[in-house]
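Here is how names work: the chains are called A, B, and so on, in the same order as the sequence lines, proteins then strands, and each is numbered from 1.
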There are 2 protein chains.
Amino acid sequence: MTAQPAARVTIKDVAARAGVSKGAVSLAFNHKPGLSEATRDRIFRAARELGWAPNLTARTLAGSRVDVVGLAICRPARLLGLEPFYMEFISGVESVLTEHSCSLLLRLVRNVEEEVGLQEAWWRGRQIGGAILVDFRPDDPRVAAAERLGMPVVAVGHPSLTGGLTSVWTDDATAVTEAVRYLAALGHRRIARVGGAAALGHTAARTAAFDEAARTLELAGAWQVTTDYSGEAGARATRSMLTAAAADRPTAIVYDNDIMAVAGLSVAAEMGLRVPDDVSLLAWDDSQLCRLTHPTLSAMSHDVHGFGADAARTLFEVITGEGGGSHPVPTPVLTPRGSTAPPRM
Amino acid sequence: MTAQPAARVTIKDVAARAGVSKGAVSLAFNHKPGLSEATRDRIFRAARELGWAPNLTARTLAGSRVDVVGLAICRPARLLGLEPFYMEFISGVESVLTEHSCSLLLRLVRNVEEEVGLQEAWWRGRQIGGAILVDFRPDDPRVAAAERLGMPVVAVGHPSLTGGLTSVWTDDATAVTEAVRYLAALGHRRIARVGGAAALGHTAARTAAFDEAARTLELAGAWQVTTDYSGEAGARATRSMLTAAAADRPTAIVYDNDIMAVAGLSVAAEMGLRVPDDVSLLAWDDSQLCRLTHPTLSAMSHDVHGFGADAARTLFEVITGEGGGSHPVPTPVLTPRGSTAPPRM
DNA sequence: AACGTTTTCTTAACCGGTAAAGTCCGTATC
DNA sequence: GATACGGACTTTACCGGTTAAGAAAACGTT
């Protein structure tokens, strides 16, 4: 990948045109003191006339800032396309980065080890000024790696998973508990959950919280499985739940994302079951999708865009060294729509 | 955004450890001739022991390659989250970039002018070695900008929109024609289309092709509208079509993406219309979503992942100067599923 | 008028690499 | 035995900025 032979204008050209040294141009463009208003104006005029903008690569090398943050996502590419979560998260991140005229370096990776290597290469190579780490799993190697490198990062995940890293997280346990309580309050006793990827830390947290809630509420028929977050997996799981013997068949199912909930809805329809009369469905994340189905999907609603923005903001705090303590974002709130109702035996 | 005070290993440290000059280290790491096997080994060992990797920023500045390609997307952030298209496209792009250990610099922008400015800043600042341009509109300013800058780009869009730029495109006209022919062959005469954003070039192309097909097939009841690609807009458009007087009401609707088709399905259900008996629906792009609904959605199926990969591959060809001519990717093919059938009057 | 201060700007070193030109040395050539 | 040559490195000059230290001009003071 070689550079094109294009006559690029550099700081030297601007300096020559303004009749000053390149040091002066640098001062002007970084709004540092030591220049008269007149010279400053002359420099900016010259730069404008030449269409010059500082070369960020050189600027980075010279040791000041790095205007890029890294984000590596580790999920099968095919699934990513469909998961509204990430794109919405990214758009939230972007909205904050843009304010700081900062860009996002994105990369899809196959596994955590690859991500560790990538982040290290990015950091060592001064490609990024910090990173957002997502999808934590127990004993995640990225915690140690980030600390070893001294790289500013914000971890998106519960503190129990992210070690000493500054983190931003949703209170999954509370949200799951609320979801189960809601369904139980409607009168459901046999409640099932179609979870996400078992390897992920927050899936484990939700699974534990679900168990706990079922025990507290003395729900005999609680039942949960984990999947890969795909619609197909969601459909499969739902199908196997709904074809169980009538005495075991759940009357309400909670999903770990909205894609699987949509798939569940379709399975119910295909089996001739009415939602919510025969079975209630409760989605998670609540993208626009939940309002597009019929019936509309009740969901644990979550401002994913805001979540991303919050993560980015926190990263900036870490980078500038202003505390940037860990904190939770608002817990997903229950948004009842058309897919949940009391069970009709 | 200042750098962290971390003791970073540089080429000098490696050189010292291996007992050679930094020039030698550079030669070794770029696999250039002029070093004995023994020295080469010593250098690599030293680098491994110190955990050194070349600083890409410095490497870029020194004038060789840039291992980053830019992609700016111009759609309201909220919509992006839901559109499976982009994430899937990106994952395709990534799959090729990864092979070249190249990263993607992503940015969401508000309008084309902002994008032009951004791409120019990226290019001038040596942040990127090339760019992928998407969502062309008539008289797109990016064509001139890219040519003026001499920046390697691949334009995703029909050559009639992308001027002299190397481009990769789908044959929308043919696909639309096929879609309309198919519905007409099933016996539909009143066919409607819910299009995407009017400002986009390919929307115009599809609109024209739809008109043309309707004329050729002498369909009196052809009817189309444009939207913003959102599910809400799709629902609104569908609702207004399906509430038309019976004599005008379309018996088949083609959508410009799958989100709107899903929304359309839900509107039909809400109005008590059976799909496909009362109305046939045909989606576009065909993400996993189309297989998750009930009935499943027939779609003009399109390998978006492959499309992205193709765009990235073409960009590399442009960068290395190997021709890299414009070419179409496979035309979307009709994938009939459960949402299309002959009309039942 | 001489002198200390500021203000304003220049110089030069440096960031961490690359690449062209230069040096040194062993060996084949005549 | 002087000369030419090629292999193995080293030197050195960039790339395009930043920044600390230095210098010159402007200014206020006594």
Item checked: Contacts of type side chain to side chain donor-acceptor pair (under 3.5 Å), residue Asp13(A), not counting sequence neighbours -> none

Checklist line | Pairing residues for Gln119(B) by the side chain to side chain donor-acceptor pair (under 3.5 Å) criterion, not counting sequence neighbours | finding: Glu115(B)

Can you pull every protein N or O that's under 3.5 Å from an N or O on nucleotides 25-28 of chain C?
none

Note to self: Angle between the two end axes of the helix from dA1(C)-dT30(D) to dC30(C)-dG1(D), five base pairs per end, rounded to 10 degrees?
What the structure shows: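 Computed from the C1' atoms at both ends, the axes differ by 60°.
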
Next item on the list: Indicate for each nucleotide in nucleotides 5-12 of chain D, in 5' to 3' sequence, whether protein heavy atoms under 4.0 Å reach the base (B), only the sugar-phosphate (S), or nothing (-).
Entry: ---SBBB-

Next item on the list: Give the B/S/- string for nucleotides 21-26 of chain D, one per nucleotide from 5' to 3', where a protein heavy atom under 4.0 Å of the base yields B, of only the sugar-phosphate yields S, and otherwise -.
Entry: ------

Nearest-Å distance, [atom1] ([X]) to [atom2] ([N])?
X         : N       : atom1 : atom2 : result
Leu50(B)  : dG17(C) : CG    : P     : 12 Å
Ile11(B)  : dC15(C) : CD1   : C1'   : 13 Å
Arg126(B) : dC14(D) : CZ    : C1'   : 12 Å
His31(A)  : dT19(D) : NE2   : C1'   : 17 Å
Trp52(A)  : dG16(D) : CH2   : P     : 11 Å
Lys32(A)  : dT18(D) : NZ    : C1'   : 7 Å
Ile43(B)  : dG17(C) : CD1   : C1'   : 14 Å
Arg59(B)  : dA19(C) : CZ    : P     : 9 Å

Under 3.5 Å donor-acceptor pairs involving side-chain atoms of residues 148-163 of chain A, not counting sequence neighbours:
{"residue": "His158(A)", "atom": "ND1", "partner": "Ser160(A)", "partner atom": "N", "Å": "3.1"}
{"residue": "His158(A)", "atom": "ND1", "partner": "Ser160(A)", "partner atom": "OG", "Å": "2.9"}

Notebook entry, point to check: Is the distance from OP1 or OP2 of dT18(D) to the nearest side-chain N or O of Asn30(A) less than 4.0 Å?
Noted result: yes

Item checked: By salt bridge (charged side-chain N to carboxylate O under 4.0 Å, His left out) - contacts of Glu114(B) (at least two apart) ->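 With sequence neighbours excluded, Glu114(B) shows a salt bridge (charged side-chain N to carboxylate O under 4.0 Å, His left out) to Arg110(B), given in chain and number order.
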
Note to self: As a quick check of understanding, evaluate side chain to side chain contact (heavy atoms under 4.5 Å, CB included) for Arg313(A) and Val168(A), giving each step before the final call.
What the structure shows: CA-CA 10 Å; Arg313(A) 255 190 300 272; Val168(A) 170; over 6 Å; no

Check: For Ala121(B), which residues count as a side-chain contact (heavy atoms from CB on, under 4.5 Å) partner, sequence neighbours excluded?
Finding: none

Notebook entry, point to check: For Arg40(B), what residues pass the side-chain contact (heavy atoms from CB on, under 4.5 Å) criterion, not counting sequence neighbours?
Noted result: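 Only Ala28(B), Leu35(B), Glu37(B), Phe44(B) meet the side-chain contact (heavy atoms from CB on, under 4.5 Å) criterion with Arg40(B).
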
Side-chain donor-acceptor distances from residues 132-139 of chain A under 3.5 Å, at least two apart:
{"residue": "Asp135(A)", "atom": "OD1", "partner": "Arg75(A)", "partner atom": "NH2", "Å": "3.3"}
{"residue": "Asp135(A)", "atom": "OD1", "partner": "Tyr86(A)", "partner atom": "OH", "Å": "3.1"}
{"residue": "Asp135(A)", "atom": "OD2", "partner": "Arg75(A)", "partner atom": "NE", "Å": "3.2"}
{"residue": "Asp135(A)", "atom": "OD2", "partner": "Tyr86(A)", "partner atom": "OH", "Å": "2.4"}

Item checked: Member of Val69(B), Leu71(B), Val68(B) meeting the side chain to side chain contact (heavy atoms under 4.5 Å, CB included) criterion with Ile128(B) -> Val68(B)

Check: If every non-hydrogen atom of Leu118(A) is compared with every non-hydrogen atom of Ala72(A), which pair is closest and at what distance?
Finding: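 Result for this residue pair: CD2-CB, 4.1 Å.
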
Margin query: Minimum heavy-atom separation for Ser95(B) and His305(B), please, with both atom names.
Written below: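 The pair with the smallest heavy-atom distance is OG-NE2, 3.9 Å.
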
Item checked: Residue Leu61(A), side-chain atoms from C-beta onward, closest of dT18(C), dG16(C), dG17(D) ->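 Taking heavy atoms from C-beta onward, the closest nucleotide is dG16(C).
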
Notebook entry, point to check: If you check every side-chain atom of Ser26(B), which of dG16(C), dT18(C), dT18(D) has the closest atom?
Noted result: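 Of the options given, the side chain of Ser26(B) lies nearest dT18(C).
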
Margin query: Could you work out, with ring pair (Phe, Tyr, Trp, His ring centres under 6.0 Å) as the rule, every residue matching His100(B), not counting sequence neighbours?
Written below: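 His100(B) satisfies ring pair (Phe, Tyr, Trp, His ring centres under 6.0 Å) with Phe316(B) only.
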
Check: Yes or no on side-chain hydrogen bond (donor to acceptor under 3.5 Å, both in side chains) for Ser103(A) and Arg107(B), after CA distance, side-chain angles and deciding distance?
Finding: CA-CA 6 Å; Ser103(A) 297; Arg107(B) 183 89 154 246; 2.9 Å; yes

Next item on the list: Kindly indicate, with the supporting measurements, whether the criterion side chain to side chain contact (heavy atoms under 4.5 Å, CB included) is fulfilled by Asn30(A) and Arg59(A).
Entry: CA-CA 11 Å; Asn30(A) 290 304; Arg59(A) 195 178 248 185; 3.2 Å; yes

